[in-house]
Amino acid sequence: MGNEEKRRALEAALLKTDELLDSFSDVLRQDFSGKPHAVRDFSETVKKLVPEEKPEVTVIGKPATEPSDVLFEEISKAPDDERLHMSFDSLLSDAKKCTRCGLCSTRTNVVFGTGCKDRPTVMVIGEGPGENEDLQGLPFVGKAGQFLDKWLAAISLSRDRNVYITNTVKCRPPQNRDPYPDEKQACFAFLKQQISIIHPQTILCVGKPASTLMTGQPDASMGSLRGRFFFYDGIPMICTYHPAAVLRDPTLKRPVWDDLKKLARYLGLPAGGS
Ligand code: SF4
């Protein structure tokens, strides 16, 4: 029996018991007028006794990869509190000049991120910019991006309102290859600061590079990471397949939809499409 059914059954039982106690009280008081009794509201009591169902949360730990002290010098030298309050704009201008890994030599634009920067409901972290993203300087603008927008809309989210979208690396890997571990590690300094400044309510990792980096499990398969909740720095995080992978293999649609519904349920959002 689900919690919703349990709540309904408990509320019905409490109402019936209350009615019987009122009738019993009438008998003791010799009151046979048959006047109706006030119906009490047990809904709050029932909610306390049978709480709302939340998905199971697994805490695995933080990513093992940390940026080297040599990287991202200006930020790493600053005191902790100053680093935390470093403005988004100065972080962005630092990224635009960045030459900390080899991807700087082939990029057209640094693709930093887009969407709501003020405590978004969800921060989506993908792999890296593709050709269109590199040309436009925006993440997820090609077919995969349009598909991602549909996923978000299906759980009442939108990059224009309550979602911030970024990638593990901010410069395009040539021929759309997966970013190398040293490139992800170099760029993690930016991602870490973005999360700290933007402070999302939850994180959605799409695809293996983002999921393995953020969970600190470099050798894990996507199948073993998807659909499970983790915590990154106290922020609930869930992983699923990348939209580009689902475009290539439509059988992944069902597991992605299950993962999105799990996220929606956690956030208390309606999930309306598939
Ligand atoms: S991918 Fe990241 S670390 Fe590498 S050059 Fe671009 S911004 Fe810098």
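Order of appearance sets the numbers: ligands from 1, and atoms from 1 within every ligand. Every heavy atom of this structure was used, including side-chain atoms; hydrogens, water molecules and symmetry mates were not.
Of all atoms in ligand 1, numbered sequentially from 1 with element shown, those under 4.0 Å from a heavy atom of K170 are 1 (S), 7 (S). For ligand 1, the atoms closer than 4.0 angstrom to any heavy atom of R107 are 5 (S), 6 (Fe). Every atom of ligand 1 is numbered from 1 in the order shown, and the set under 4.0 Å from a heavy atom of C98 is 3 (S), 5 (S), 7 (S), 8 (Fe).
Between the side chain of N109 and the backbone N or O of L135, at least one donor-acceptor pair lies under 3.5 Å.
Remark: D182 CG is packed, more than 12 non-hydrogen atoms of other residues, nucleotides or ligands lying under 6.0 Å away.
Taking CG from D259 and OH from Y241, the interatomic distance works out to 8.0 Å, rounded to the nearest 0.5 Å.
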* Are R159 and D149 close enough, and set up right, to give a salt bridge (Lys or Arg N to Asp or Glu O under 4.0 Å), and what steps lead you there? -> CA-CA 7 Å; R159 67 169 90 191; D149 286 338; 3.0 Å; yes
Evaluate the salt bridge (Lys or Arg N to Asp or Glu O under 4.0 Å) criterion for residues R177 and E127: first the C-alpha distance (whole Å), next the side-chain angles of each, then the deciding distance (0.1 Å), finally the verdict.
CA-CA 10 Å; R177 64 160 169 77; E127 177 182 325; over 6 Å; no
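Considering only non-hydrogen protein atoms, atom 6 (Fe) of ligand 1 sits nearest to C171 SG, 2.3 Å.
A centroid separation of 6.0 Å or more is found between the aromatic rings of F147 and H242.
Residue contacts to atom 4 (Fe) of ligand 1: C104 brings no N, O or S atom closer than 2.8 Å.
Among S105, C187, C101, the residue whose heavy atom lies closest to atom 4 (Fe) of ligand 1 is C101.
Contacts of E183 with ligand 1, taken as heavy-atom pairs under 4.0 Å, are absent altogether.
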